[in-house]
Amino acid sequence: MSCLFCRIIAGEIPSSKVYEDEAVFAFRDINPQAAVHVLVVPKEHIESADAISADNSSRVAAVFEAIPKVAAICRLTNGYRVITNVGEDGCQSVKHIHFHVLGGEKLPENMGN
Ligand code: DGP
């Protein structure tokens, strides 16, 4: 298994887990860009948002059902930001779709993460 996040999900690489259910895994980003920075991913591999289709969109829906639970666990009661980077121009470094959940402080108004 070569995908970094597949290996984290499988427990082959340690991570700081925040939340897990049958379809979703959430863990703290190794290089946090905000006071709270969690990555929420589907357990089944999808390369990026550009690969979402009718065949796999239920896995993405599961991620979005999990995000409010992650936010509650992290006590993001005053709001947060959800970002997914896609491909080279989007600066996606890990080719397993992931949603950055950023918060725990007032975030900058620009869309960077
Ligand atoms: P992106 O640039 O959107 O592909 O974000 C990838 C994120 O993954 C980046 O913010 C850093 C994080 N990351 C990379 N390697 C690891 C790792 O081994 N463990 C954890 N927890 N996060 C990682």
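Just so it is clear, the model here is predicted, and its values are computed rather than measured. Every number for a ligand or one of its atoms is a count from 1 in the order of the listing. Heavy atoms only: backbone and side chains are in, while hydrogens, waters and symmetry mates are out.
Of the candidates I97, I83, V38, L4, the one placing a heavy atom closest to atom 18 (O) of ligand 1 is L4.
Proximity of N31 to ligand 1, defined as any heavy-atom pair under 4.0 Å, is not found for any part of the residue. Contacts with ligand 1 closer than 4.0 Å are made by no heavy atom of I13, backbone or side chain. When non-hydrogen atoms are compared, ligand 1 lies under 4.0 Å from neither the backbone nor the side chain of T84. At a heavy-atom cutoff of 4.0 Å, ligand 1 is contacted by no atom of S16, backbone or side chain. Residue-level proximity to ligand 1 for F99 is absent, since no heavy atom of it falls below 4.0 angstrom.
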Let me check something: any side-chain donor-acceptor pairs from residues 60-80 under 3.5 Å, sequence neighbours excluded? List them with distances.
none

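With contacts defined as side-chain heavy-atom distances shorter than 4.5 Å, the pair H96/P42 qualifies.
Not a single N or O atom of F27, backbone or side chain, sits closer than 3.5 Å to an N or O atom of ligand 1. Checked by distance only, ligand 1 and V94 come closer than 3.5 Å through their nitrogen or oxygen atoms. Looking at Q92 next to ligand 1, no N or O pair under 3.5 Å apart turns up. Between D29 and ligand 1, an N or O atom pair is found at a separation short of 3.5 Å. For the pair S15 and ligand 1, the shortest N or O to N or O distance does not fall below 3.5 Å.
Looking at residues two or more places apart in sequence or on another chain, you find a ring pair (Phe, Tyr, Trp, His ring centres under 6.0 Å) between F27 and F5, F25.
Those atoms of ligand 1 that come under 4.0 Å of a heavy atom in S93, given as number and element, are 1 (P), 2 (O), 4 (O), 5 (O), 6 (C).
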